[in-house]
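The structure appears right after this line, and notes come after that.
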Amino acid sequence: MAKPSDKNTPPPTEGGGGRFGTFSGVFTPSILTILGVVMYMRLGWVTGQAGLGMALGIVVVAHLISLATGLSVSSIATNRTVGAGGAYFMISRALGGPAGAAIGIPLFFAQALSVTFYIVGFSESLLQLIPEAYHGYAPPWLIGTIINVLISGLALKSADLAIKAQYVVMVAIIASLVAVFTGRVDGFPAEIEWLNTSEGVETPQFIFAAFFPAVTGIMAGVSMSGDLKDARKSLPVGTLLAILVGFIVYMAIPIWLALNYSNEFLIEHSDAIFQLASVPALIYVGVWGATLSSALGSVLTAPRTLQALAQEGLMPRFLGKGYGKDNEPRIGYALTFLLAQTGIVLGDLDAIAPVLTMFFLATYGVTNIACGLQRWAASPSFRPTFKVPAWISLAGGAACFYVMSMIDVVSMIAALVICGLIFAIAQRRALGATYGDARHGIWSALVRSALHRLRRVEFHALNWRPNLIIFGGDPEKRPHLLHIGSSLVQDRGVVTYFNLLKGKIADLADRRRAIFNEVEPTIADRFANVFFKVDIVDDIFRGTVTTAQSYGVGAFEANAVMLGWSEKKERAGEYLRMLRDLVLLDRALLVVRYHPDKKLGEGKELHVWLGGDERTEAMLLLFSTLLTAHYRWSKMKITVFAVAETDEDRSRTQAHLNDLLAEARIEATTRVVLRQGRTLPQLMHVESEDADFALVGFALPDIEEEAGYRDPARIAQWVDETNAIFDELPTTILIHSASSFEAEQVLLDRE
């Protein structure tokens, strides 16, 4: 597959000449594919196996699925102009380029190789009229090659001429139907057998699977979308009319057969419809017309699917070159001929026939899903004049995949694996052009629905998970905050990194937009679980508090804030007041002091120093397990430290820690250190000098009056005490729990 030159602005799909109307461009190819070999060769067997009542039920259910697909096609077609490529165009514009490639590429090969099946079917029926002694002079591959050359040459000569040739085929099929309904057998009317309960009949699922391919012809007209004069009008009218006519015919023939033959006769005589016809020769003409018209339809549609794929970079671009005033896909014709001819020479394609059927069914299923999701997502841009409820399209899509499983589970899996591989390759090669597709709207609708449901569900402490805001300024200057925050949360919550710009919006709006556009893709690529935002604030400290309390939607809001330790003593009072306000807003605090020499360590030793209240101690233990759950820190050995004043306190604390870690299901070593007149920084220097990383519980100073935050002496004392701790430790996170953190339930699972 070729890579588009610009994934955001794919080259426009070249339209056709707009030559065909509703009847010639949509109805004719669709109805001729619907009224095919199954009608002549299998419908009698289906009626005999099931009985008339069940046979009519099978026809109704199959057509309901076909109708759902037709309605989905109609809805998509009346929303915006459908370009060349038919089903591929619709899917790619709804679900994106990779999804379009995953369906469009297999669809092209299925359309091209289906030419083989129709030609082989024609050859075998023709051989029935040639004496066996002469079969050596006319082998099936020779007949097939001649027909392939004639059909391909006709399509290559002129698509208009090929469409006109289908009119002749339609006349032949109509004549064959007249012969069927004017024929009768002795004893007419017979007693109708509504249900075949005889032993040895096939299951309803098997019978349904045998019949269903008869109603999968509607995409023959859809694939001509790029050559229609008015696709918005022609696709709905032509498709739905073809489904209606096909339904009438497929309901009438079983009734007529059941009035003339018993179930047993229909099972044993696959040529019952030939015997019933008033002019049997017309049935042969009808069969030949059906096979040849279906082959011709595939010869016309496969190159156009390929052309659409190639023009948008999903296949080598030279394959999409058009010729003449009508933009004829001659290279596509040649490739389709070669693929069909390969199948004809190989002869036996039974092994891949089920897989090709799966590709067609997958196309119908995904088309339904594309329409249903767009309708459900309620995007303002999706305003079709032909409105279909989302549940109809989604039910039709689900039914298509169910039918796939009924026909052949192994083939279904094979087809889905192939589509999945193509999707993965397309995604990997950045074939991600959105075309304004509905993916963003679909995800938005999912988020909206989830938020509404979340609001109606009462929160329980056991459902607590870290939703973290990181205030780090320029992420290139503080990448350690991204690494630590991303590792702590992983896929358990949401991480949002804020770069706050100080100044006026009028002055910084353009810079804000430029920073976001430059940095966000890099962060999304390196830290998939981190969102990036840029806000403009009058003051960094006050802006941090405002952002922390306002960020979120409904019940989904941030519950923890990570930020770096401030080295600016002249603004320490404002920094401390910011921390206090964040605690009052019920946000957990994670204050990071990055060690410039030890950096993030070697991932061997994590030291946890318990401190603060009980909630903070529980959060320290919880965050130690979250951090070491990340692959980068997974080999770190956790050591939990506590300080005791006496030997008696030491024994009691040691026992408490052992019980606590066991109940919390945390694997860690415990160490209770006697103070012995030493300060906390001195203890930490002795115990944690060689650690790689440290988590330390802390409490804010007891300052009640607002004036205290402007008292240089009091603030300096707290800053100096905190710096003394940092001076003896590696990269450290000071942690202060939020008041709403229910430690016993989250950590210990206590009621």
Going by distance alone, is a donor N or O of one side chain under 3.5 Å from an acceptor N or O of the other, for Asp613 and Ser737?
-> no

Is there a side-chain contact between Glu557 and Ile469 (heavy atoms, below 4.5 Å)?
-> no

Are the side chain of Asn467 and the backbone N or O of Val494 linked by a donor-acceptor pair below 3.5 Å?
-> yes

With a 3.5 Å cut-off and no angle check, do the side chains of Thr646 and Asp649 form a donor-acceptor pair?
-> yes

Is there side-chain contact between Val592 and Thr732, with at least one heavy-atom pair below 4.5 Å?
-> no

Heavy atoms of Phe471 and Ala548 approach each other most closely as CZ-N, 4.2 Å

So, Arg593 side chain and Ile733 main chain: donor-acceptor pair closer than 3.5 Å or not?
-> no

Do you know which two heavy atoms are closest between Thr616 and Phe698, and how far apart they sit?
-> CG2-N, 4.2 Å

Quick one: does Arg542's side chain get under 4.5 Å of Asp538's, heavy atoms only?
-> no

Between the side chain of Ser688 and the main-chain N/O of Ala691, is any donor-acceptor distance below 3.5 Å?
-> no

So do Asp586 and Asn559 actually touch side chain to side chain, heavy atoms under 4.5 Å?
-> no

May I ask you to say whether Arg577 pairs ionically with Glu574, meaning some side-chain N is under 4.0 Å from a carboxylate O?
-> no

Can you name the side-chain hydrogen bond (donor to acceptor under 3.5 Å, both in side chains) partners of Ser624, sequence neighbours left out?
-> none

To the nearest 0.5 Å, how far apart are CZ in Phe693 and OG1 in Thr628?
-> 11.5 Å

Gly485 and Ile470 have their tightest heavy-atom pair at CA-CD1, 3.9 Å

Give a yes or no answer on whether the side chain of Gln682 reaches the backbone of Thr679 with a donor-acceptor pair at less than 3.5 Å.
-> yes

Kindly compute the distance separating CG (Leu589) from CG (Leu734), expressed to the nearest 0.5 Å.
-> 9.5 Å

All heavy atoms of Thr731 vs all of His595, minimum pair found to be OG1-N, 3.0 Å

Arg492 side chain to Arg465 main-chain N or O, any donor-acceptor pair under 3.5 Å?
-> no

Are the aromatic ring centres of His483 and Phe527 under 6.0 angstrom apart?
-> yes

Side-chain heavy-atom pair Arg513, Asp510 within 4.5 angstrom cut-off = yes

Please check if any side-chain donor atom of Ser486 sits under 3.5 Å from a side-chain acceptor atom of Asn529, or the reverse.
-> yes

Would a distance-only check, ignoring hydrogens and angles, find a side-chain to backbone donor-acceptor pair under 3.5 Å from Asp692 to Glu602?
-> yes

What one should report as the nearest heavy-atom pair of Met578 and Leu563 is CE-CD1, 3.2 Å

Salt-bridged, Lys504 to Asp507, with N to O below 4.0 Å?
-> no

May I ask you to check whether Tyr594 and Trp565 place their ring centers less than 6.0 Å from one another?
-> no

Ring center gap for Tyr551 and Phe498 short of 6.0 angstrom = yes

Non-hydrogen atoms of Gly543 and Leu500 that approach each other most closely = C-CD1, 4.1 Å

Please test Ile515 against Phe532 for side chain to side chain contact (heavy atoms under 4.5 Å, CB included), starting from the C-alpha separation and ending with a verdict.
-> CA-CA 10 Å; Ile515 291 175; Phe532 177 71; 4.2 Å; yes

Is the backbone N or O of Val534 less than 3.5 Å from a side-chain atom of Arg512, with the two atoms forming a donor-acceptor pair by type?
-> yes

Could you walk me through whether Leu579 and Val591 pass side chain to side chain contact (heavy atoms under 4.5 Å, CB included), step by step?
-> CA-CA 9 Å; Leu579 296 183; Val591 180; 4.3 Å; yes

What do the steps show when you test Leu657 against Val672 for side chain to side chain contact (heavy atoms under 4.5 Å, CB included), and what is the final call?
-> CA-CA 9 Å; Leu657 284 180; Val672 181; 3.9 Å; yes

Under 3.5 Å: donor-acceptor pair, side chain of Ser405, backbone of Tyr402 | yes

Please answer whether the main-chain N or O of Tyr631 pairs with a side-chain N or O of Ser634 as donor and acceptor at a distance below 3.5 Å.
-> yes

Enclosure of Glu570 CD (heavy-atom neighbours >12, cutoff 6.0 Å) | yes

Is there a side-chain contact between Asn499 and Phe516, using heavy atoms and a 4.5 Å cut-off?
-> no

Can the ring centroids of Phe641 and His607 be said to lie less than 6.0 angstrom from one another?
-> yes

Of the options Arg675, Arg652, Arg678, which is the one that meets Glu645 in a salt bridge (Lys or Arg N to Asp or Glu O under 4.0 Å)?
-> Arg675

Is any side-chain heavy atom of His630 closer than 4.5 Å to a side-chain heavy atom of Gln490?
-> yes

Hey, does the side chain of Thr625 reach the backbone of Leu622 with a donor-acceptor pair shorter than 3.5 angstrom?
-> yes

For salt bridge (charged side-chain N to carboxylate O under 4.0 Å, His left out), just list the numbers for Arg571 and Asp539, CA-CA rounded to whole Å, side-chain angles, deciding distance to a tenth of an Å, and then say yes or no.
-> CA-CA 12 Å; Arg571 299 197 67 184; Asp539 178 82; 2.9 Å; yes

Going by heavy atoms in the side chains, are Ile638 and Glu667 under 4.5 Å from each other?
-> no

